[in-house]
Every structure is written in C-alpha cells, then in structure tokens.
Amino acid sequence: MHLRDLVAARVVEALTRAQADQSLPTVPVPAGLVERPQNTDHGDFASSAPLKLARTMRMSPMAIAEKLAEFIDTDGEISAVDVAAPGFINFTLAPEWLQEQVDQVLSAGNAFGSTEAGKGQKIQVEYVSVNPTGPLHIGHARGAVLGSVLSSVLAAAGYEVSREYYLNDAGNQIDLFHQSLFATYLQALGKDAEVPDNGYRGQYMVDLGKEMAEAHGSKFLDMLSDEGVVALGKIGVEHMIEGIKNDLATLNVEFDVWFSETSLYTDKYYDTTMKMLADGGHLTQREGATWFVSTELGEDKDNVLIKSTGVPTYFASDAAYHYNKFTVRGFDKVTNIWGADHMGHIGRVKAVVGALGIDRDKLNIIIGQMVALKRGGETVKVSKRTGDIITLKELLEEVGPDACRYFFLARSADAQMDFDMDLAIKESQDNPVYYLQYAHARLAGILRNAKENDKDFAQGDVHLLSTPEELTLIRHLLMLPEIVDSIVDTMEPHHLPHYTLELATAFHSFYDRCRVITDDEALTSARLKLVEASRIGFSRCLSLMGMNAPEKM
RNA sequence: GUCCCAGUAGCUCAGUGGAUAGAGCGGCUGCCUUCUAAGCAGAUGGUCGCGGGUUCGAAUCCCGCCUGGGGCACCA
C-alpha cells in the first residue's frame, strides 16, 4: 500500500469512528478522499471529504472538517492535521518519519518503487506488431516506447507481464511483398520486371533485391516461377524481421513472445473460433462472404470474416488471436497498443471478444495518436508503399535512443504530436533527458568521491537530515510507488517522465544547498545515506523508462 | 455525412471536479578558489478555442459551435 492509500485509510477509519460515536451522521462514503495538493502550503496530502459530504450530511463543510479532524490521530507518518476553509483537511508528514524512510529505501534497494497492485495477475502487452514488409518508421517508435515502458511499470506493480509482437506473416501484404521483391531481384539481375501496382517500392526494396541477387545469383530464376517468388520472399521477410529486431534493440525495446499469425491457422485456433462464433449465432452468409453480425452487438456495421474468395480477412485472424490470448493462454488482462489508423477496429474486436464469451473489459486498447514528422518547417508525408519515409534507424542515428524515448514518452498517447527533427536534434544538446541523467551522474559522483575517501555511512543517523532541501528530496522520492500505481491505474506512462523531472529538480536544489562530504562526519554519513537512496530512485525511474543511467557525464 | 482524439504561457506539453492553473525550452536578472554550471536562485509571461448549462466549486462534467488530425473496404 502506498502513502496516499495509507492516509486515505486513516480518513475512512476516522470517519467510521466518528459515525459510530454519533459525532457525524452515517452516510455513504464517497471515493477519492485524499489527494496531493498542488500548493505545498496545504501540506503533503489534503482531503476534500467534508466538502463532498456536506450535502448528504446536511452540515456545513467546516463543521464536518472540524469534527472529522478530531478523530484523526497525529502519530506515525502524520504530524499535523489542519482544517482550512472552505472545508479541507490538510495533512503534514512527520519529519522524523520522513527521515526514517531513507533507511527504508536503502533496505528496499532496487525493489524501491515496486508495489503489489497487480500481484497474481497475468497481463499481456502487445505492441508494435508492424508487418514485416518494410523498415520501422518514426510513427512505430511511439507505440514501441509506450509499450515497453508500460510493460516495465506493470511489472514493477507486481503483474506477471508478457510483451508480445504479433507478426503478420501471411496474407495479401506478404504476397505483395514477395512479388515486389522478386521484381527488384530480377531488376538487379538485369532483367525486365515491374513492381506490382500496389507493391512495395521504396529504396530499401531495391537494395534488398540487389543483396539477394549478390548472395543467391539466379538461383530463384531456375525454379518454377511461383516457387521462386515464395522461396525468395521468405528469405526477404526474414531479412525484414531481423532489421526490425535490430532497430527495436537500438531503441531498447524488447519482447518475450513473437507470435506468428500463421500459427493461428496451423494450430486450428482459427477453426475453433469460427465454430464458436457460428454456434453462438454470430455468423451469416451474404453475397458469397461470411459475416460477423456485429450490428446485433451494437456496432455500426457487420464485418466480413471470410471473403467470397474463401480467404479469411485480417479481422478473422484477429478474432482467433484474441481467443488464443484469453481462452488458450489465460491472460487476466490484455492491452493492445495500436496506431491511430486502427481506431476503427476497436469496436469490432471488442464485440468479437464478447461474442467469444470473454469479458470485453479485460481487453484494453490504447491508441497511440499520429506522429507528424516535421523537417525544416515542412510536414513530411509518411508512406511505406511509396518508400517516402524517415526510418526509425535514421531517427536514432540523429537523435539518439534516450532522447527519442523521452520525446515520445512525455506526451500522453492520445495527443497527436509533431516530431520536429530539427528541434529534437537541437534539444538533444540541451534537453530534459540530460537534466535527469545529470542528476544520476552527480549522485554517482558523490558516492565515488565518498568511496575514494573511505567514507563508511552504514551507521549514519538519518535524523540529521533536517534542511528544507533534504526533506523536500525525501518527500519526492517517496512518491514513486504512488506514481507506479497511478500509471497502472490509468495506463498512462507519461506521468513517469514528469515525475522524474520533479525529482531531479528536488535533487539539484539539494545538491546546490547541501554539501554532502564535509568535515562533519555525522552529517556526511547521514547525507550519504540520502544520496544513495536518491541514486536508487533515479536508477529505478530511468530503468523503468528504458533510459541509460550514466555514472559520469 | 458520421464516430473518435486534440485545442492551456512565444514554442513543446503536463494538469481531467477542489484552494493562487504548472514544467521544460527560448528571452530577462543574479550565482562557479568548494562532491560535475549539462547546475542553482529570481523576475517576466495565460480571455485554459468560443458560447451556454450543471455544481458550494469547472481547464476538468453536459449541450452547441469553430479549428486541426484520424476512423468509417470482401486492405492490413
């Protein structure tokens, strides 16, 4: 249980006692009793419960506040409870208790910040899942960063997390890729060939065709034409997947499972799913195609599962995929991170999940909004088909993975953003990322200095940490578990970089005002404890965000 | 046409029912013989897109409108 819950529990407990005592009328208790006030003059926590209860209790908010405050004990973590107009109760944390938490952080070590909000629950986060028909571009990076940070935070909250990439390794687009590659391969061999009309025609396809020709010669020409296209195509797809994996690794994004779409068919999950939908009366035949009757489940329109050609749609695969996630693999929760161009799929996928007898609220879909790329003040149109793209690889070479991650992470997923390359490159010189990393480097520097001077601070007395800067730093440090829980609660990881920035401000201010290593041995030891605790905090935040925590800068 | 997202400081964005709306960057003023100045301290900067409504209280919730973006295929 994190600190805010602890204080909220005290309010509920006090309210219960006041009601049992008949000091306050017995009425239902509203939710959200305690918050962090934005103005620090109002204490560490505030409750607006009296304002919320005034109507149902038929009393003035101030009278409720006064009465309720009497029932709240000032001991342990709370040193003061104050009533403020028009009906707030403000709580102040006890300096002694704050000081002692430094020892608690030290004993928690790298587990500091972890909570138990998701204990015993299996959650899957599926992200990126880009077709292996081209390199990753800047828009994909946003989903990649979101997914990887969300996964890390979920794990910190005690969830058993599985990070998954859904690989579309069959179907129309793959066929088209095969044909496109065969064409550029032929061209590389000096033959006449045309990339199909809707095919993939970027420079990367030309390069790949050349590479294939150099590595394999005319080998694929000698096969029957279809066999050659497929054989070459498979090698090409493998090549694209390797490239995607490399780019993601550079961005520090990893997966536990690479799930093959084809396996849904070879392992019969597709057949099982279609049968379940048929048995449930969710299917109908129309114009030679098989439709999912989603209109009966409140959707705008029905959706085709099997085309009149007999070929299943992407949506059919998706139905089988979600059946597999929930029913076969038994995830308690599933989060899909999709691009804005998939917005229209949310309703029907949720509908089909419900039709398969699964609680549709277990499926959470996060939409990463569009990233418009700007360069030299111009918006660059991104299209994989025409090959007019800024690849993730190029982006990482220019901006660097840490700055790139921060840039995407600090914005909420549902806000569209302009990624101004010029600005991002410029900012990489003087940028919030360095502000955070510099804090870690400074902390590491102090600890290095202490070691060189043989300072052993194990016996340091944390009660000597009494300046406003020290206490402010401790206060901010202790917010981490709350941040972790609130990210899990809202599924919005963008709170983490903002919190880390505030923590860095508290630290830099402390660094400026409180010299750590001095002739005062006792104070030095106490401050070294705070420095080590802070280093643990920064290291955890940076690692959750997938960023480097440098020892020196 | 319809559904979804966004509109907050010069710029990029937080804040989504509470007290005087915040941060970073840019611009302005100070601060390096001391563990890293990639830093600190301070000042300046806002009709929270517009208009109604609900509420003790609205940037936050409801309705309408304006602007920008996206979704509405037997594509993925």
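Labels below follow one simple rule: chain letters A, B, ... track the order of the sequence lines, proteins then strands, and each chain is numbered from 1. Scope of the values below: all heavy atoms of this structure, side chains included, with no hydrogens, waters or symmetry mates. All of these numbers come straight from a predicted model, not from anything done at the bench.
Partners of A:D302 under the salt bridge (charged side-chain N to carboxylate O under 4.0 Å, His left out) rule, at least two apart in sequence or in another chain, are A:R286. Residues satisfying the ring pair (Phe, Tyr, Trp, His ring centres under 6.0 Å) test with A:Y406, not counting sequence neighbours, are none. The salt bridge (charged side-chain N to carboxylate O under 4.0 Å, His left out) check on A:R10 picks up A:D75, A:E77, with sequence neighbours excluded. In this view, A:D361 and A:D359 satisfy the side chain to side chain contact (heavy atoms under 4.5 Å, CB included) rule, not counting sequence neighbours. Checked against salt bridge (charged side-chain N to carboxylate O under 4.0 Å, His left out), A:E492 has no partners two or more places apart in sequence or in another chain. For A:R475, the salt bridge (charged side-chain N to carboxylate O under 4.0 Å, His left out) partners are A:D44, not counting sequence neighbours.
The CG-C1' distance, from A:N172 to B:rA73, rounds to 12 Å in whole Å. Per the geometry, CG belonging to A:D519 stands 14 Å off P belonging to B:rC35, to the nearest Å. A:L523 has its CG atom 15 Å from the C1' atom of B:rU34, to the nearest Å. What separates CG of A:D402 from P of B:rA38 is a distance of 18 Å, to the nearest Å. Per the geometry, CG belonging to A:N39 stands 9 Å off P belonging to B:rA19, to the nearest Å. Atoms CG (A:D341) and P (B:rA73) sit 14 Å apart, rounded to a whole Å. Between A:Y406 atom OH and B:rG24 atom C1' the separation is 7 Å, expressed in whole Å. Atom CG in A:D512 sits roughly 13 Å away from atom P in B:rU34 (whole-Å rounding).
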Both atom distances under 3.5 Å, Watson-Crick or G-U wobble: I'd like the secondary structure of RNA chain B as a dot-bracket string, with | for pairs made across strands.
(((((((..((((....[...))))..((((.......))))......(((((..]....))))))))))))....
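Each of A:V128, A:D318, A:V130 was compared with A:Y166 under the side chain to side chain contact (heavy atoms under 4.5 Å, CB included) criterion, and only A:D318 meets it. For the ring-ring contact (aromatic ring centres under 6.0 Å, His included) with A:F259, the lone residue among A:Y127, A:Y165, A:Y321 that qualifies is A:Y321.
Between the C1' atoms of B:rA37 and B:rC56, the separation comes to 50 Å (whole Å). Taking atom P in both B:rG69 and B:rG64, one finds a spacing of 22 Å when rounded to whole Å. Taking the P atoms as reference points, B:rG10 lies 11 Å from B:rG45, given to the whole Å. Between B:rC5 and B:rG51, the distance separating the two P atoms is 23 Å to the nearest Å. Straight-line distance between the C1' atoms of B:rU67 and B:rC31: roughly 45 Å, to the nearest whole Å. With P as the reference atom, B:rC4 and B:rU12 are 27 Å apart, rounded to whole Å. Here the separation of B:rC3 from B:rA9, taken at their P atoms, is 29 Å to the nearest Å. If you take atom P in B:rG49 and the same atom in B:rG15, they sit 14 Å apart, rounded to whole Å.
Side chain of A:K552, nearest nucleotide from B:rA14, B:rU36, B:rA76: B:rU36. Side-chain atoms of A:E492 lie closest to B:rG15 of the nucleotides B:rA76, B:rA14, B:rG15. Residue A:H494 has its side chain nearest to B:rA14 when only B:rC13, B:rC75, B:rA14 are considered. Checking B:rC35, B:rG39, B:rA76 against the side-chain heavy atoms of A:Y435 singles out B:rG39 as nearest.
Between the side chain of A:N453 and the backbone N or O of A:K455 there is no donor-acceptor pair closer than 3.5 Å.
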Short N/O separations, protein against nucleotides 56-61 of chain B, under 3.5 angstrom:
unit_1: B:rC56; atom_1: OP1; unit_2: A:R55; atom_2: NH2; d: 2.1

Which pairs, protein N/O on one side and nucleotides 4-10 of chain B N/O on the other, fall under 3.5 Å?
unit_1: B:rC5; atom_1: O2'; unit_2: A:D414; atom_2: O; d: 2.3
unit_1: B:rC5; atom_1: O2; unit_2: A:Q416; atom_2: OE1; d: 3.1

Just distance, no hydrogens or angles: give the donor-acceptor pairs under 3.5 Å from side chains in residues 523-539 of chain A, sequence neighbours left out.
unit_1: A:T524; atom_1: OG1; unit_2: A:V516; atom_2: O; d: 3.4
unit_1: A:T524; atom_1: OG1; unit_2: A:T518; atom_2: N; d: 3.2
unit_1: A:T524; atom_1: OG1; unit_2: A:T518; atom_2: O; d: 3.2
unit_1: A:T524; atom_1: OG1; unit_2: A:T518; atom_2: OG1; d: 3.4
unit_1: A:T524; atom_1: OG1; unit_2: A:D520; atom_2: O; d: 2.8
unit_1: A:S525; atom_1: OG; unit_2: A:E521; atom_2: O; d: 3.1
unit_1: A:R527; atom_1: NE; unit_2: A:E470; atom_2: OE2; d: 2.6
unit_1: A:R527; atom_1: NH1; unit_2: A:R515; atom_2: O; d: 2.8
unit_1: A:R527; atom_1: NH2; unit_2: A:E470; atom_2: OE2; d: 3.3
unit_1: A:K529; atom_1: NZ; unit_2: A:D103; atom_2: OD1; d: 2.8
unit_1: A:K529; atom_1: NZ; unit_2: A:G460; atom_2: O; d: 2.8
unit_1: A:E532; atom_1: OE1; unit_2: A:R535; atom_2: NE; d: 3.3
unit_1: A:E532; atom_1: OE2; unit_2: A:R535; atom_2: NH2; d: 3.4
unit_1: A:S534; atom_1: OG; unit_2: A:L530; atom_2: O; d: 2.8

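Between A:F507 and A:H476, a ring centre-to-centre spacing not shorter than 6.0 Å is recorded.
Within residues 495-508 of chain A, the residues approaching RNA chain B are A:H495, A:H498, A:L501, A:H508, by heavy-atom distance under 4.0 Å. At a non-hydrogen distance threshold of 4.0 Å, A:E287, A:A289 from residues 287-296 of chain A come into contact with RNA chain B.
Aromatic ring orientation, A:H345 versus A:Y314: perpendicular (interplanar angle above 60°, classes split at 30° and 60°). Using cut-offs of 30° and 60° for the angle between ring planes, the A:H498 and A:H494 rings count as perpendicular.
Not a single donor-acceptor pair, N or O on each side, falls under 3.5 Å between the base of B:rC74 and the side chain of A:T313. Scanning atom types as modelled, no donor and acceptor separated by under 3.5 angstrom connect the side chain of A:N303 and the base of B:rA73.
A cation-pi arrangement is absent between A:R348 and A:F292 under the rule of less than 6.0 angstrom and at most 45 degrees off the ring axis.
Remark: ring of A:F88 stacked against base of B:rA19; centroid gap under 5.5 Å, plane tilt under 30°.
Side-chain N/O atoms of A:Q285 and A:T290 include a donor and acceptor closer than 3.5 Å.
Using a 4.0 Å cut-off between charged side-chain N and carboxylate O, A:E164 and A:K325 make no salt bridge.
Nucleic acid contact for A:A441: base, since at least one base atom lies under 4.0 Å from a heavy atom of the residue.
Considering every non-hydrogen atom in both A:Y200 and A:M205, the closest pair reads O-CG, 3.4 Å.
Base orientation of B:rC50: anti (glycosidic angle beyond 90° from 0).
The local environment of NZ in A:K234 is sparse, with at most 12 non-hydrogen atoms from other residues, nucleotides or ligands closer than 6.0 Å.
Nearest-nucleotide assignment on RNA chain B puts the 5′-proximal partner with A:M417, out of A:F45 and A:M417.
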